[in-house]
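Comments concern the structure below.
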Amino acid sequence: MSKQTIPTPKAIRGTQDIFGLEAEAFGHVVETFERVRKLYRFRRVEMPVFEKTTVFSRSLGETTDVVSKEMYSFEDRGGESLTLRPEFTAGLARAYLTNGWQQHAPLKIATHGALFRYERPQKGRYRQFHQIDAEVIGAAEPQADVELLVMADQLLRELGIADGVTLNLNTLGDAPSREAWREALIRYFRRYEADLSDESKERLEKNPLRILDSKDPRDKALTQTAPQIDEYLTDEAQDFFGKVTAGLDAAGVAWVRAPALVRGLDYYRHTAFEFITDRLGAQGTVLGGGRYDGLLEALGGPATPAVGWAAGIERLAMLVADARTITEPAADVAIVPMGAAAEAACLGLAATLRRGGLTVDMGYRGNMKKRMSRANESGARFALIVGDEELAAGEATVKNLATGTQERMALHAIPAHIAA
RNA sequence: GCGAUCGUAGCUCAGUUGGUUAGAGCGCCGGUUUGUGGUACCGGAGGUCGGGGGUUCGAACCCCCUCGAUCGCCCCA
């Protein structure tokens with residue numbers, strides 16, 4: 001562009017500047033979420049983007065990858081370790097405990113905003129990314145799981161991206177079920193340890209459930225015949241899962257059982273789910289969540305059942321943009337003043353029309369040809385041309401940009417003409 | 001953190017085995033038209049070839065480093 005001696009700073013890796021149509025798609029996702037969440041009476045929450053590091057390290061577990069290498073942590077001037085939130089749930093749980101929101105239990109809340117993880121960027125995966133999030137805290141009932149899932153389903157439908165998206169559903173059972181299953185898996189995989197991929201050999205020690213969703217063909221051969229959670233579900237856990245699936249069926253939400261869908265951390269119980277699309281490659285999960293009875297205790301609170309989900313706005317926006325359901329809003333009218341006197345008068349005209357709810361474009365500069373050209377690009381149905389002649393008569397020339405026909409008209413008659 | 005592919009104009013890309021002043025389309029600006037857009041024609045601006053180093057008489061092209069992007073792995077709480 002120019003010979004600069006001052007180098008322009010570049011954007012941070014993994015961040016994005018979202019503009020125009022993409023930003024419209026992004027906003028559409030958030031607006032749709034806001035609308036749907038109100039239908040289900042989820043209350044809005046605004047949260048800080050940073051917390052004490054312990055909020056995340058305790059709730060997520062010190063040894064998880066997220067905590068050990070993916071958090072943006074720093075010390076403030078008082079020497080306290082703070083962290084940009086890598087997820088919503090831990091902060092919401094903290095707020096629930098520190099603000100006494102127990103009084104509202106069961107509390108249905110929703111929020112959205114930026115999250116930060118120090119990861120290698122990929123399609124639909126960024127270091128600063130954005131999610132919408134819904135949680136029910138203080139409800140042990142399967143109805144909470146159902147309500148969240150039905151809401152998620154409705155959201156995807158209203159976004160027009162439900163085609164090609166499948167709800168994958170699993171249960172991890174209650175604590176005894178989960179523990180029995182976990183031990184059975186360890187016994188099973190230890191027998192075939194030599195045949196496992198290197199990653200899964202390590203998972204066997206750290207996070208055995210994760211072997212089940214390994215992509216390595218060597219592992220896949222073994223996971224086929226691995227013990228299933230169903231064999232280890234207690235009656236209570238079975239009953240819980242049955243109520244969730246029955247609720248989904250009653251609400252007309254399609255789902256498939258995904259026995260390999262797991263959550264690594266111990267406090268995950270019962271329901272685990274992901275809405276997965278076939279259109280985003282390796283980043284196919286479009287919305288995911290589950291029940292996390294036990295998290296609140298990890299933060300020093302009383303035993304509190306909770307369930308929730310989150311969805312990446314960028315990924316949803318990509319699907320929305322692919323579906324071509326989004327356009328940048330067109331103007332209703334474009335005003336084309338000619339001359340200084342007309343320009344001043346047109347500021348008044350523009351304000352009047354906008355106060356009346358019309359979308360109005362009026363350029364800052366340019367000759368008439370240029371302004372007409374801009375009027376055309378704005379998508380306006382009408383151009384209002386005001387020169388000295390019109391001004392003197394209290395009129396404007398109203399040009400229909402689609403047909404090219406135009407007529408002189410009194411200013412006060414314009415709103416009705418446009419509305420017609 | 002690991003692997004692969006790729007960085008040329010605002011955008012999408014071309015650029016021969018290394019060989020003069022690096023091209024096209026779209027977009028942008030101006031003109032044909034100083035009160036009329038969308039079409040057409042004419043003209044113009046715009047490039048440290050991502051950055052640095054090296055090889056060579058000569059590098060957009062070859063080599064090394066680096067930054068970034070894309071795709072995948074790990075991970076996805």
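Basis for what follows: all heavy atoms, side chains included, without hydrogens, waters or symmetry-related copies. Here is the naming used below: chain letters follow the sequence lines, and residue numbers restart at 1 for every chain. Please read all numbers here as calculations on a predicted model, not as lab measurements.
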Taking the [atom1] atom of each, how far is [N] from [M], in whole Å?
N: B:G47; M: B:G1; atom1: P; value: 35 Å
N: B:U36; M: B:U16; atom1: P; value: 48 Å
N: B:C2; M: B:A14; atom1: P; value: 30 Å
N: B:C26; M: B:U21; atom1: C1'; value: 25 Å
N: B:U8; M: B:C49; atom1: P; value: 11 Å
N: B:C71; M: B:G15; atom1: C1'; value: 26 Å
N: B:G51; M: B:A45; atom1: P; value: 23 Å
N: B:G52; M: B:A40; atom1: P; value: 41 Å

May I ask you to decide if [Y]'s main-chain N or O and [X]'s side chain share a donor-acceptor pair within less than 3.5 Å?
X: A:T223; Y: A:K220; value: yes
X: A:T15; Y: A:I12; value: yes
X: A:N207; Y: A:R203; value: no

Mind listing the N/O atom pairs, protein and nucleotides 25-29 of chain B, below 3.5 Å?
from  : atom 1 : to     : atom 2 : distance (Å)
B:C29 : OP1    : A:K370 : NZ     : 2.9
B:C29 : OP1    : A:R374 : NH2    : 2.9
B:C29 : OP2    : A:K370 : NZ     : 2.9

Mind checking [X] for me? I need base, sugar-phosphate or nothing, with any heavy atom below 4.0 Å counting as a touch.
X: A:G312; result: nothing
X: A:Y267; result: sugar-phosphate
X: A:G288; result: nothing
X: A:T397; result: base
X: A:A402; result: base

Less than 4.0 Å between a side-chain N and a carboxylate O, is that true for [Y] and [X]?
X: A:D163; Y: A:R157; result: no
X: A:E141; Y: A:K243; result: no
X: A:E183; Y: A:R178; result: no
X: A:E34; Y: A:R44; result: yes
X: A:K108; Y: A:E147; result: yes

Open item on the list: According to ring-ring contact (aromatic ring centres under 6.0 Å, His included), does anything in residues 131-161 of chain A pair up with another residue at least two apart or in another chain? List the pairs.
Closed with: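 ring-ring contact (aromatic ring centres under 6.0 Å, His included) check on residues 131-161 of chain A returns no pairs.
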Please pick, from [options], the nucleotide with the shortest atom-to-atom distance to any side-chain atom of [X].
X: A:R13; options: B:C75, B:G68, B:U32; result: B:G68
X: A:M338; options: B:G35, B:G37, B:U70; result: B:G35
X: A:L401; options: B:U70, B:G37, B:C75; result: B:G37

TODO: Dot-bracket for RNA chain B, please, read 5' to 3', with Watson-Crick or G-U wobble pairs under 3.5 Å on both distances, ( ) within the strand, [ ] crossing, | other strand, . unpaired.
DONE: (((((((..((((.....[...)))).(((((.......))))).....(((((..]....))))))))))))....
hbond_proxy [X] side chain to [N] base (donor-acceptor, 3.5 Å cutoff):
X: A:R203; N: B:C75; answer: no
X: A:K399; N: B:G37; answer: yes
X: A:N376; N: B:G38; answer: no

So does [X] get a side-chain nitrogen or oxygen closer than 4.0 Å to the phosphate oxygens (OP1/OP2) of [N]?
X: A:Q122; N: B:G72; answer: yes
X: A:R210; N: B:C74; answer: no
X: A:R120; N: B:G72; answer: no
X: A:K369; N: B:U34; answer: no

Task: Which residue lies more 5' along RNA chain B, comparing A:T403 with A:E199 via nearest heavy atoms - done: A:T403
Task: Residue mapping more 5' on RNA chain B - nearest nucleotide basis, A:P86 or A:G14 - done: A:G14
Open item on the list: Evaluate A:R190 against A:E205 for salt bridge (charged side-chain N to carboxylate O under 4.0 Å, His left out), listing each step before the verdict.
Closed with: CA-CA 10 Å; A:R190 219 180 276 295; A:E205 305 304 322; 3.6 Å; yes
Nearest whole Å is fine: how far is [N] [atom2] from [X] [atom1]?
X: A:E274; N: B:C75; atom1: CD; atom2: C1'; answer: 13 Å
X: A:R371; N: B:U36; atom1: CZ; atom2: C1'; answer: 13 Å
X: A:Y118; N: B:C2; atom1: OH; atom2: C1'; answer: 14 Å
X: A:Y126; N: B:A69; atom1: OH; atom2: C1'; answer: 11 Å
X: A:F129; N: B:C76; atom1: CZ; atom2: C1'; answer: 9 Å
X: A:E202; N: B:C74; atom1: CD; atom2: P; answer: 12 Å
X: A:E119; N: B:C2; atom1: CD; atom2: P; answer: 15 Å
X: A:R85; N: B:C76; atom1: CZ; atom2: P; answer: 21 Å

- [ ] For RNA chain B, find the residues of residues 383-393 of chain A with a heavy-atom distance under 4.0 Å and give them by number; none if there aren't any.
- [x] A:I385, A:E389, A:E390
Please output the side-chain donor-acceptor pairs of residues 373-384 of chain A that fall under 3.5 Å, not counting sequence neighbours, one pair per line with the distance.
from   : atom 1 : to     : atom 2 : distance (Å)
A:R374 : NH1    : A:E377 : OE1    : 3.2
A:S378 : OG     : A:A375 : O      : 2.6
A:S378 : OG     : A:A380 : N      : 3.1

Task: A:K201 atom NZ: more than 12 heavy-atom contacts under 6.0 Å - done: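 Check passes, neighbour count above 12.
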TODO: Using salt bridge (Lys or Arg N to Asp or Glu O under 4.0 Å) as the criterion, point out the one residue from A:E119, A:E70, A:E314 that pairs with A:R125.
DONE: A:E119
Task: Qualifying residues under side chain to side chain donor-acceptor pair (under 3.5 Å), relative to A:R13, sequence neighbours excluded - done: none
TODO: Establish, for the pair A:R127 and A:Y118, whether the NZ or CZ atom is under 6.0 angstrom from the six-membered ring centre and no further than 45 degrees off its axis.
DONE: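 The answer is yes, since A:R127 meets both limits relative to A:Y118.
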